[in-house]
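Worksheet: the structure to be examined is printed underneath.
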Amino acid sequence: MTMLHDDLIYEILSVVSEIPEGRVASYGQIARLIGRDNNARLVGKVLSMAEYYGRYPCHRVVNSAGRLAPSFSSQRKLLEKEGVVFKKNGCVDMKIFQWNEGMT
DNA sequence: CCATTGACGAAGT
DNA sequence: TACTTCGCCAATG
C-alpha cells in the first residue's frame, strides 16, 4: 500500500463523512473536492473497499447520472430511509438530491 | 516497462 | 431516454 493511496483514502472518506442525510454526492464531485478533477474512477475504487476502513455513509455516493453502485444491494433502501426519492429508471434525481457543498 | 482494469464522466448516436 | 465511444489516471499484474 503506497503512501499516496493512504492519503487518498483519508481524503475521500473525510469528504464522504460530510455528505448530509438525504443528499448524495457523485464520484466526480468528490474527486474535485480533493483536487483530483479527472480521477473519479479512483474514488469509486476506494469506496468499493470503504467498509474495510470503518463506518462511512458511502451509500450517499452515486455516479453522475444518479445510478447506484453495483454489489451494494442495501444502498437504495438506506437512501430511501433518508427521504431520497428514486426516478422510474432506478436513479436518484440529481437535480433535487445532489449535495451542494457550497451551502452550509 | 507495457497492458489491463475500474462503485467514472461527458459527448455523441 | 438508453446505449456506445472515448478520455481519464492510479493501481495491478
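Naming: A, B, ... by sequence-line order, numbering from 1 per chain. Side chains are part of it too, since the values below use all heavy atoms of this structure and drop only hydrogens, waters and symmetry mates.
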Query raised in the report: So what does A:A40 hit on the nucleic acid, given a heavy-atom distance under 4.0 Å: a base, only sugar-phosphate, or nothing?
Result: sugar-phosphate
Query raised in the report: Which part of the nucleic acid, if any, lies within reach of A:S71 when heavy atoms closer than 4.0 Å are counted: base, sugar-phosphate only, or nothing?
Result: nothing
Query raised in the report: Is a side-chain N or O of A:E101 found less than 3.5 angstrom from the main chain of A:I30, in a donor-acceptor match?
Result: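 Flag not set: sc A:E101 to bb A:I30 has no pair under 3.5 Å.
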**Report entry** A:D37 backbone acceptor or donor facing A:R32 side chain under 3.5 Å
**Finding:** no
Query - Earlier contact from the 5' end, DNA chain B, for A:S64 and A:L42 - result: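 Comparing both residues, the 5'-ward one is A:L42.
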Do [X] and [Y] have side chains that approach each other closer than 4.5 Å (heavy atoms only, starting at C-beta)?
X	Y	answer
A:E11	A:R36	no
A:R76	A:H59	no
A:L79	A:V85	no

Options [options], nucleotide nearest the side-chain atoms of [X]:
X	options	value
A:R36	B:dA7, B:dC8, C:dA10	C:dA10
A:N63	B:dG9, C:dC9, B:dA7	B:dG9
A:N38	C:dA10, C:dC8, B:dA7	C:dC8

Rounding to a whole Å, what distance do you find between [X]:[atom1] and [N]:[atom2]?
X	N	atom1	atom2	value
A:L13	B:dA7	CG	C1'	14 Å
A:Q29	B:dA7	CD	C1'	15 Å
A:D7	C:dA11	CG	P	10 Å
A:K87	C:dT1	NZ	P	7 Å
A:D37	C:dG7	CG	P	19 Å
A:M94	B:dC8	CE	P	12 Å
A:L8	C:dA11	CG	P	7 Å
A:L79	B:dA7	CG	C1'	13 Å

Report task. Could you tell me whether the phosphate oxygens of B:dC8, OP1 or OP2, come under 4.0 Å of any side-chain nitrogen or oxygen in A:S26? Result -> no
Report task. Could you pick out which residue, A:K45 or A:R41, lies toward the 5' side of DNA chain C when each is mapped onto its nearest nucleotide? Result ->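 It is A:R41, whose closest nucleotide lies nearer the 5' terminus.
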